Asker: 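Please see the structure below; I have some questions.
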There are 2 protein chains.
Amino acid sequence: MNKAKLKKTLNRAEEHCREHGTRFTEKRKHILQLLLQSEVPLSAYELATHYQSAFGETIPAMSVYRILDFLMAETLVHKLNSANKYTACEHIACDHQHEVPQFLICERCQNVKEVGIEPSIIAALADEIERAGYHLTQPQIELHCLCERCFSAS
Amino acid sequence: MNKAKLKKTLNRAEEHCREHGTRFTEKRKHILQLLLQSEVPLSAYELATHYQSAFGETIPAMSVYRILDFLMAETLVHKLNSANKYTACEHIACDHQHEVPQFLICERCQNVKEVGIEPSIIAALADEIERAGYHLTQPQIELHCLCERCFSAS
DNA sequence: CAGTTCACGATATAGCGTATCGTTCATGGC
DNA sequence: GCCATGAACGATACGCTATATCGTGAACTG
């Protein structure tokens with residue numbers, strides 16, 4: 001992510017928090033920035049390490065987890081359950097409504113793409129689930145894929 | 001799972017291994033049995049504990065992991081990535097071909113149902129993914145839901 | 001400016017998983 | 001039957017992920 005877009009996204013995140021009456025502190029901003037700048041999802045401990053390199057001060061893992069919890073509650077960050085890693089929401093600076101996030105995770109390079117699946121497909125899926133007697137609560141799907149580059153290389 | 005079905009399923013699993021030239025040892029049988037008898041998915045360490053209670057002998061966590069790896073390779077067991085737990089395949093004793101497993105996980109009681117999603121939906125999903133420049137490799141989906149009972153109770 | 005709430009630090013601990021090396025046991029060729 | 005081979009398993013150590021708890025300090029509010 002280039003500098004201009006990074007700045008714009010961070011500003012948008014700050015605005016988002018102000019609207020929600022929550023605090024977008026320096027540390028929270030730093031963690032979000034690290035995730036925005038990373039090509040791949042990061043674990044909490046990786047974030048702590050990167051924090052040290054990028055900002056010259058250490059941060060306890062506990063704080064990273066707390067900050068991640070906060071950022072997830074604000075839907076600025078998503079957790080990838082299958083990898084125990086975290087990724088910045090790709091739609092912070094977008095205007096359109098935040099959809100249910102779906103993730104394509106490249107198995108080789110770990111690159112993650114957050115996509116909006118056709119709502120009709122999700123609806124069909126939800127239908128099948130209802131028929132099985134269940135009720136969908138958090139339709140976040142994590143799909144393990146190969147990205148174009150890794151697919152071509154194999 | 002009742003005794004008759006349990007026995008039949010274990011026999012089917014043994015047959016499956018014989019056909020594949022692999023060994024269905026006592027310990028592997030025990031682990032599979034524990035998973036078949038459990039209402040909820042279990043972690044490796046939970047399995048080790050249950051093993052002790054059920055069979056009166058301790059088993060190291062390492063062995064549990066190795067046995068789980070084996071059972072997964074034989075598609076007798078599936079791992080739920082989002083929960084780091086394991087569940088017996090519900091189709092061991094079925095005649096029909098083993099499909100790509102999709103899991104409905106009840107967020108409240110942890111009960112898991114393994115369902116076959118309409119292939120056309122999966123195909124549509126794969127289509128969307130292709131359009132995003134990715135290639136689906138392991139279309140295992142884990143959906144967080146509420147089961148009928150927990151849904152009614154809420 | 002006093003009180004409350006929120007953010008953060010420090011420490012401890014639990015749970016999940018892998019690495020490595022050694023030992024035992026089953027199996028097949030002789 | 002006997003031994004060589006490889007598979008299964010045990011023991012120990014370690015690293016990563018996450019939560020619990022308690023304390024401190026900063027920020028907002030009346």
Side-chain angles (χ1 to χ4, degrees), chain A residues 13-14 17-35 38 40-52 55-74 76-87 105 110 142, chain B residues 13-14 17-35 38 40-52 55-74 76-87 105 110 142:
Chain A
E14 187 166 8
C17 289
R18 201 163 37 236
E19 285 167 7
H20 286 64
T22 55
R23 295 183 211 159
F24 193 59
T25 66
E26 272 305 295
K27 289 177 198 294
R28 287 169 177 176
K29 184 174 176 177
H30 284 341
I31 293 292
L32 181 56
Q33 180 180 337
L34 288 174
L35 286 174
S38 173
V40 296
L42 300 173
S43 73
Y45 282 78
E46 285 169 343
L47 278 166
T49 305
H50 289 210
Y51 198 103
Q52 162 76 17
F55 305 109
E57 50 182 290
T58 63
I59 185 168
M62 266 307 305
S63 294
V64 176
Y65 277 108
R66 267 190 300 238
I67 289 168
L68 288 171
D69 284 342
F70 170 82
L71 294 173
M72 284 190 287
E74 299 293 334
L76 298 170
V77 161
H78 302 295
K79 175 173 185 179
L80 301 178
N81 287 312
S82 56
N84 293 323
K85 291 184 190 295
Y86 304 84
T87 184
I105 307 169
Q110 311 306 314
E142 300 174 19
Chain B
E14 186 166 9
C17 288
R18 198 162 40 235
E19 286 168 5
H20 285 66
T22 56
R23 295 184 211 160
F24 192 61
T25 66
E26 272 306 294
K27 290 177 198 294
R28 288 168 176 177
K29 183 174 177 178
H30 284 342
I31 293 292
L32 180 58
Q33 180 180 338
L34 288 174
L35 286 173
S38 173
V40 296
L42 300 174
S43 73
Y45 282 79
E46 284 169 344
L47 278 166
T49 305
H50 289 209
Y51 198 103
Q52 163 74 17
F55 305 111
E57 51 181 290
T58 63
I59 184 167
M62 266 308 305
S63 294
V64 176
Y65 278 108
R66 267 189 299 238
I67 289 168
L68 287 171
D69 285 342
F70 170 82
L71 293 173
M72 284 189 289
E74 299 292 335
L76 298 170
V77 162
H78 303 295
K79 175 174 187 177
L80 301 178
N81 289 312
S82 57
N84 293 322
K85 291 184 189 295
Y86 304 83
T87 185
I105 307 169
Q110 313 305 315
E142 300 174 19

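Lettering follows sequence order; numbering is per chain, from 1. Since we're looking at a predicted model, the values are computed, not measured. The analysis underlying the following values was restricted to heavy atoms, covering all of them including side chains, and did not include hydrogens, waters or symmetry mates.
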Asker: Just the rounded figure in Å: distance from P of dC9(D) to CD of E26(B).
Answerer: 10 Å

Asker: In terms of the nearest nucleotide of DNA chain C, which residue is placed more toward the 5' end: M62(B) or R23(B)?
Answerer: M62(B)

Asker: Establish, with yes or no, whether the OP1 or OP2 oxygen of dC9(D) is under 4.0 angstrom from a side-chain nitrogen or oxygen of T25(B).
Answerer: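 Looking at the OP1 and OP2 atoms of dC9(D), one of them is under 4.0 Å from a side-chain N or O of T25(B).
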
Asker: Report which part of the nucleic acid F24(A) touches: base, sugar-phosphate, or nothing (heavy-atom distance under 4.0 Å, all strands).
Answerer: nothing

Asker: What is the distance from CG of N84(B) to P of dG15(D), rounded to the nearest Å?
Answerer: 20 Å

Asker: Pick the nucleotide of DNA chain C nearest each of V64(A) and Y45(B); which residue has the one closer to the 5' end?
Answerer: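 By nearest-heavy-atom nucleotide position, the 5'-most residue is V64(A).
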
Asker: OP1 or OP2 of dC16(D) sitting under 4.0 Å from any side-chain N/O of K85(A)?
Answerer: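 Negative; the distance criterion is not met.
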
Asker: In this structure, how many angstroms lie between the C1' atom of dC6(C) and the CD1 atom of I67(A), rounded?
Answerer: 13 Å

Asker: What integer distance in Å separates D69(A):CG from dA7(C):P?
Answerer: 12 Å

Asker: Report the distance from atom CG of L47(B) to atom P of dG17(C), rounded to the nearest whole Å.
Answerer: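 One finds 11 Å between P of dG17(C) and CG of L47(B), rounded.
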
Asker: Angle between ring planes, Y86(A) versus Y65(A), binned at 30° and 60°: parallel, tilted or perpendicular?
Answerer: perpendicular

Asker: Figure out the CZ/P separation between F70(B) and dG6(D), and round it to whole Å.
Answerer: 19 Å

Asker: Decide yes or no on salt bridge (charged side-chain N to carboxylate O under 4.0 Å, His left out) for E142(A) and K79(A), but give the supporting numbers first.
Answerer: CA-CA 10 Å; E142(A) 300 174 19; K79(A) 175 173 185 179; over 6 Å; no

Asker: Any base atoms under 4.0 Å from R66(A), or only sugar-phosphate, or nothing? Heavy atoms, all strands.
Answerer: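 The answer is base, as R66(A) lies within the cut-off (heavy atoms under 4.0 Å) of a base atom.
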
Asker: Expressed in angstrom and rounded to an integer, what is the separation of Y65(B) atom OH from dT20(C) atom C1'?
Answerer: 17 Å

Asker: Can you tell me how far C1' of dT19(D) sits from CG of L68(A), to the nearest Å?
Answerer: 14 Å

Asker: What closest approach, in Å, do A48(A) and V64(A) show between heavy atoms, and which atom pair accounts for it?
Answerer: CB-CG2, 4.0 Å

Asker: In terms of relative ring orientation, are Y51(A) and H30(A) parallel, tilted or perpendicular, with 30° and 60° separating the classes?
Answerer: perpendicular

